[in-house]
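Count residues from 1 along the sequence.
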Amino acid sequence: MTFCATANCVLYEGATPVFADVTADTLNLDPHEVSRKVSSRTKALIAVDYAGHPADLTALRDLAAERGLVLIEDACHALGAEHMGKRVGGISDMTVFSFHPVKHLTTGEGGMVTTDDVKLAETLRRFRNHGISSDARQRQAGGQWFYEMVLLGFNYRLTDIACALGISQLKKLEANLARRRAIAARYTRAFRELSALITPAVREGMEPAWHLYPIRLRLESLSAGRSEIFRALRAENLGVNVHYVPVHQHPYYRERFSYQGGEYPVAEDAYERLISLPMFPAMTEQDVNDVIAAVSKVVTFFSR
């Protein structure tokens, strides 16, 4: 239950992505399902912090340590989220953040990887710079010209201009997080009485960053499917969306790995019910009221 980039990076390296199902409450990776899929060929675990709610990092770290695996956290939704009192970015072996325009902090495009492992950090710096063992500043400081390519890397350098844009937004991050959390709390309170909706779960000890606010429809309580309700919400002038088509259901993955559907029932069932509501810190109180009113109107109309 993620954007396809989470899995595509595995293919770029010539490896095979092995999927595991998600838990029904948070739609994050289910550690029990992961343990069933790990084999002698497994090198790493990649866990997504779906919608900004941290994955079960304690269980996944224990599993990774037990099997000698690297834990990579896809925290592209979760900048500022907290897991048991600790912010994501300092928990997993590597944590990946996105600075896409709709994220909590943007550089226009690009992202960041955090790690406290010196060897991983060195490899990451080389990987982003054509696999070269030193950068221009290091050579200039040392009065040297010589450099070597020691691995097959890429031109993944974030520009200085983009970095300046991102750094300038850091002072806004806490206020943006607070506003997202306030909007999420308003939504959750308002939709508590709508029995045909499932609001996002928050596990004890977790503080989500609320990149998304995904509701799920109890379709058995409604006279219309997700598509009709989606169109009705758009007709109410709400910028709703759906996150995500499960990766294994995309044509490329179906054709390459022969997925037929039914392999990951929790993710597949969630997809049929999901609708993401507007969630961004510039929303006014009237914007939030409008979303609540429109959702309540549409869901009530279609309720059995």
With distance as the sole test, does [X] use its side chain to make a donor-acceptor pair with the main-chain N or O of [Y] at under 3.5 Å?
X      : Y      : answer
His100 : Val102 : yes
Glu174 : Lys171 : no
Arg87  : Ala81  : no
Gln249 : Val245 : no
Thr107 : Gly166 : no
Asn176 : Pro281 : no
Ser296 : Ala293 : no
Arg254 : Gln260 : no
Thr199 : Thr188 : no
Glu272 : Arg226 : no

Working note: Leu194 + Phe191, criterion side-chain contact (heavy atoms from CB on, under 4.5 Å); need CA distance, chi angles, decisive distance, verdict. CA-CA 5 Å; Leu194 292 177; Phe191 300 140; 3.8 Å; yes
How long is the gap from [atom1] on [X] to [atom2] on [Y], to the nearest 0.5 Å?
X      : Y      : atom1 : atom2 : value
Leu274 : Leu217 : CG    : CG    : 8.5 Å
Ser98  : Glu109 : OG    : CD    : 6.5 Å
Leu197 : Arg218 : CG    : CZ    : 8.5 Å
Asp116 : Met94  : CG    : CE    : 11.0 Å
Ile183 : Leu277 : CD1   : CG    : 11.0 Å
Thr42  : Arg67  : OG1   : CZ    : 8.0 Å

Will you find, in the side chains of [X] and [Y], an N or O donor that is under 3.5 Å from an N or O acceptor?
X      : Y      : value
Tyr253 : Asn8   : yes
Glu285 : Asn289 : no
Asp74  : Thr6   : yes
Asp25  : Thr23  : yes
Ser134 : Arg139 : yes
Thr26  : His53  : no

Would you call Asp93 and Arg61 a salt bridge, using N to O less than 4.0 angstrom? no
Taking Lys37 first and then Glu33, would you say they form a salt bridge - that is, a charged N and a carboxylate O separated by under 4.0 Å? no
More than 12 heavy atoms of other groups within 6.0 Å of [X] [atom1]:
X      : atom1 : answer
Asn237 : CG    : no
Ile161 : CD1   : no
Gln140 : CD    : no
Phe302 : CZ    : yes
Gln286 : CD    : yes
Arg304 : CZ    : yes

Do [X] and [Y] share a hydrophobic cluster (ILVMFWY, side-chain heavy atoms under 4.5 Å, transitive)?
X      : Y      : result
Val113 : Ile132 : no
Met112 : Leu105 : yes
Val242 : Val291 : yes

Is the shortest side-chain heavy-atom distance between [X] and [Y] below 4.5 Å?
X      : Y      : answer
Ile275 : Ile229 : yes
Leu151 : Thr123 : yes
Asp21  : Val266 : yes
Leu63  : Pro31  : no
Ile292 : Arg186 : yes
Pro200 : Pro214 : yes
Leu29  : Val34  : yes
Cys9   : Glu13  : no

Nearest heavy atoms of [X] and [Y], plus distance in Å:
X      : Y      : value
Tyr271 : Met1   : N-CE, 4.1 Å
Ala196 : Val299 : CB-CG1, 3.8 Å
Pro17  : Leu11  : CD-CD2, 3.5 Å
Gly80  : Leu177 : CA-CD1, 3.7 Å
His83  : Leu57  : NE2-N, 3.4 Å
Leu212 : His77  : CD1-CE1, 3.8 Å

Residue from Val88, Asn28, Ile91 passing side chain to side chain contact (heavy atoms under 4.5 Å, CB included) with Pro54: Val88
Should the pair [X] and [Y] be assigned to parallel (<30°), tilted (30 to 60°) or perpendicular (>60°) ring geometry?
X      : Y      : value
Tyr244 : Tyr50  : perpendicular
His104 : His211 : tilted
Tyr259 : His248 : perpendicular

Please check if the distance between the ring centroids of Phe154 and Phe127 is under 6.0 Å. yes
When you measure from the centre of the six-membered ring of Phe280, is the NZ or CZ of Arg179 under 6.0 Å away and within 45° of the axis? no
Assess whether side-chain contact (heavy atoms from CB on, under 4.5 Å) is satisfied between Leu238 and Val295, documenting all intermediate values. CA-CA 9 Å; Leu238 294 191; Val295 171; 4.0 Å; yes
Taking it one step at a time, do Ile198 and Ile215 satisfy side-chain contact (heavy atoms from CB on, under 4.5 Å)? CA-CA 6 Å; Ile198 302 172; Ile215 59 172; over 6 Å; no
From Arg125, Arg126, Lys119, residue fulfilling side-chain hydrogen bond (donor to acceptor under 3.5 Å, both in side chains) relative to Glu122: Arg126
May I have the step-by-step check of side-chain contact (heavy atoms from CB on, under 4.5 Å) for Lys103 and Cys76, ending in yes or no? CA-CA 8 Å; Lys103 296 303 196 299; Cys76 292; 4.2 Å; yes
